[in-house]
A.B. asks: 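Sharing a structure below in structure tokens format, with a few things to ask.
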Amino acid sequence: MTVAFDGLLSVSYSQAYVVSDDDPPDPVRAFAGQLNGLCGARVPGALFLVTGRHTGKVAFRVDVVDGPPPVDPGWEEVVEVSFTAFSGDVHLMDWHQGMYPLPLRESVSYRVRYCARGMDAGKTYLGELETVLDHYLLVFWPAPVEADRIVRRTSRIAAYWHDEGFLVG
């Protein structure tokens with residue numbers, strides 16, 4: 001396992017991204033036709049990540065593993081998507097365009113599991129807040145392309161994004 005990022009990530013408008021170029025994906029295109037509303041993967045080479053926190057810092061970790069890990073019961077929200085990078089220059093990108101390199105290979109198909117805990121708590125405060133209320137984990141492993149899926153759904157804010165979001169479905 002490679003821990004590619006483990007720290008605080010700045011978000012605004014409840015957004016973060018994985019990019020294999022310099023631009024974040026359009027949210028409507030990123031979620032078009034998907035079941036899940038937390039990890040938009042329909043724009044090739046990019047992921048659009050939704051957080052509970054509107055503005056501030058969230059705890060965020062990115063792991064790259066060899067195969068699918070078991071689903072940890074400690075995560076309240078779990079979705080999966082497929083992702084293929086345009087280049088070997090892939091980054092986790094925060095709202096302020098901070099770029100954190102991810103060790104993903106170009107043209108390799110990855111399965112991605114996006115996990116969240118504390119989304120409702122993170123949503124309760126709209127301004128900057130020192131206390132980290134919501135936590136996120138993004139895990140990549142090589143796998144054939146599959147449709148997105150919702151593995152676990154518990155919070156009100158995740159239900160909103162799954163059901164309403166950026167015109168999901």
Side-chain angles (χ1 to χ4, degrees), residues 4-5 9 11-21 23-54 58-86 90-95 102 104-124 133-169:
F5 180 85
L9 192 69
V11 297
S12 279
Y13 299 97
S14 302
Q15 298 174 22
Y17 322 96
V18 171
V19 296
S20 54
D21 60 21
D23 296 318
D26 171 75
V28 174
R29 286 186 56 227
F31 289 97
Q34 286 195 178
L35 295 175
N36 97 82
L38 299 181
C39 184
R42 294 299 297 264
V43 173
L47 298 175
F48 190 107
L49 307 169
V50 173
T51 65
R53 173 72 53 90
H54 180 278
V58 298
F60 210 97
R61 179 175 166 135
V62 181
D63 292 339
V64 181
V65 298
D66 293 331
V71 177
D72 183 333
W75 293 105
E76 297 165 348
E77 311 304 325
V78 180
V79 299
E80 291 183 358
V81 299
S82 292
F83 172 81
T84 304
F86 279 153
V90 183
H91 293 86
L92 174 64
M93 176 189 233
D94 69 17
W95 177 258
L102 301 179
L104 302 176
R105 297 186 314 271
E106 179 179 1
S107 301
V108 171
S109 172
Y110 291 93
R111 192 66 176 165
V112 182
R113 183 175 295 150
Y114 186 44
C115 306
R117 180 175 55 246
M119 287 188 81
D120 283 341
K123 186 65 175 168
T124 61
L133 300 173
D134 41 343
H135 302 260
Y136 300 89
L137 171 66
L138 199 57
V139 183
F140 292 83
W141 66 90
V145 173
E146 296 180 47
D148 75 303
R149 70 184 189 117
I150 299 169
V151 177
R152 186 174 299 134
R153 169 185 170 156
T154 66
S155 70
R156 286 187 315 254
I157 192 62
Y160 165 80
W161 285 110
H162 292 317
D163 296 340
E164 307 293 330
F166 295 106
L167 306 175
V168 175

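All residue numbers in this chain count up from 1 along the given sequence.
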A.B. asks: So, do Tyr13 and Trp95 have ring centers that fall under 6.0 Å from each other?
C.D. replies: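 Yes, close enough.
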A.B. asks: Quick one: pull up OH in Tyr110 and OG1 in Thr84 and give me the separation to the nearest 0.5 Å.
C.D. replies: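 OG1 of Thr84 is found 9.0 Å from OH of Tyr110.
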A.B. asks: Among all residues two or more places apart in sequence or in another chain, which pass the salt bridge (charged side-chain N to carboxylate O under 4.0 Å, His left out) test with Arg61?
C.D. replies: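 For Arg61, the residues satisfying salt bridge (charged side-chain N to carboxylate O under 4.0 Å, His left out) (neighbours in sequence not counted) are Asp6, Asp63.
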A.B. asks: Between Ser82 and Arg111, is there a side-chain heavy-atom distance shorter than 4.5 Å?
C.D. replies: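 Side chain of Arg111 against side chain of Ser82, heavy atoms only: contact under 4.5 Å found.
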A.B. asks: How close do Val18 and Phe83 get, heavy atom to heavy atom, and via which atoms?
C.D. replies: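 Residues Val18 and Phe83, closest heavy atoms: CG1-CZ, 4.0 Å.
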A.B. asks: Is there side-chain contact between Val79 and His162, with at least one heavy-atom pair below 4.5 Å?
C.D. replies: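 Counting from C-beta outward, Val79 and His162 do come under 4.5 Å.
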A.B. asks: Within the structure provided, determine whether Leu47 and Val81 are in side-chain contact (heavy-atom separation under 4.5 Å).
C.D. replies: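 Answer yes - side chains close enough.
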A.B. asks: If you round to the nearest 0.5 Å, how far is CG of Leu9 from CG of Asp94?
C.D. replies: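 Between Asp94 CG and Leu9 CG, I get 5.0 Å after rounding to 0.5 Å.
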A.B. asks: So which heavy atom on Met119 is nearest to which on Ala158, and how close?
C.D. replies: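 So the two residues come closest at SD-CB, 4.2 Å.
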A.B. asks: What residue pairs, at least two apart or across chains, pass side chain to side chain donor-acceptor pair (under 3.5 Å) with a residue in residues 66-77?
C.D. replies: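 Residue pairs passing side chain to side chain donor-acceptor pair (under 3.5 Å), neighbours aside: Glu77-Thr154, Glu77-Ser155.
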A.B. asks: If every non-hydrogen atom of Asn36 is compared with every non-hydrogen atom of Leu38, which pair is closest and at what distance?
C.D. replies: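 Distance-wise, the nearest heavy atoms are OD1-N, 2.8 Å.
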A.B. asks: Evaluate the side-chain proximity of Trp141 to Pro69: yes if any heavy-atom separation is below 4.5 Å, no if none is.
C.D. replies: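 Of all side-chain heavy-atom pairs linking Trp141 with Pro69, at least one is under 4.5 Å.
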A.B. asks: Does the side chain of Val90 reach to within under 4.5 Å of the side chain of Val19, using non-hydrogen atoms?
C.D. replies: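 Heavy-atom side-chain distance check fails, nothing below 4.5 Å.
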A.B. asks: Testing Leu104, Leu138, Val139 for side chain to side chain contact (heavy atoms under 4.5 Å, CB included) with Val64, which one passes?
C.D. replies: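 The side chain to side chain contact (heavy atoms under 4.5 Å, CB included) with Val64 is passed solely by Leu104 among Leu104, Leu138, Val139.
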A.B. asks: Could you tell me whether the side chain of Asp148 and the main chain of Gln34 form a donor-acceptor pair under 3.5 Å?
C.D. replies: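 Not confirmed, Asp148 side chain does not pair with Gln34 backbone.
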A.B. asks: Where is the tightest heavy-atom contact between Pro25 and Tyr17, given as atom of each residue plus distance?
C.D. replies: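 Where Pro25 meets Tyr17 most closely, the heavy atoms are CD-CD2, 3.9 Å.
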A.B. asks: How many angstroms lie between atom OH of Tyr136 and atom CG of Leu92, to the nearest 0.5 angstrom?
C.D. replies: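 Going from OH on Tyr136 over to CG on Leu92, the span is 13.0 Å.
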A.B. asks: Quick one: are Val65 and Phe140 in side-chain contact, heavy atoms under 4.5 Å?
C.D. replies: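 No, side chains not in contact.
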A.B. asks: Is there a donor-acceptor contact under 3.5 Å linking the side chains of Arg53 and Ser14?
C.D. replies: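 There is no such pair between these side chains.
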A.B. asks: Give, for atom CD of Glu146 and atom CD of Glu80, the distance between the pair rounded to the nearest 0.5 Å.
C.D. replies: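 One finds 7.5 Å between CD of Glu146 and CD of Glu80.
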A.B. asks: Grab the two heavy atoms, one from Ala159 and one from Arg153, that are nearest each other, plus how far apart they are.
C.D. replies: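 Looks like CB-NH2, 3.5 Å.
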A.B. asks: Nearest 0.5 angstrom please: Asp134 CG to Asp120 CG, how far?
C.D. replies: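 Separation between the atoms: 10.0 Å.
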A.B. asks: Please report the interatomic distance NE2(His135) to CG(Leu133), rounded to the nearest 0.5 Å.
C.D. replies: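 Interatomic distance, His135 NE2 to Leu133 CG, rounded to 0.5 Å: 7.5 Å.
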A.B. asks: Do Pro44 and Phe86 come within less than 4.5 Å of each other through their side chains, counting heavy atoms only?
C.D. replies: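 Result yes, sub-4.5 Å side-chain heavy-atom pair found.
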A.B. asks: Counting C-beta onward and ignoring hydrogens, is there a side-chain heavy-atom pair between Phe48 and Val43 closer than 4.5 Å?
C.D. replies: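 Answer no - side chains too far apart.
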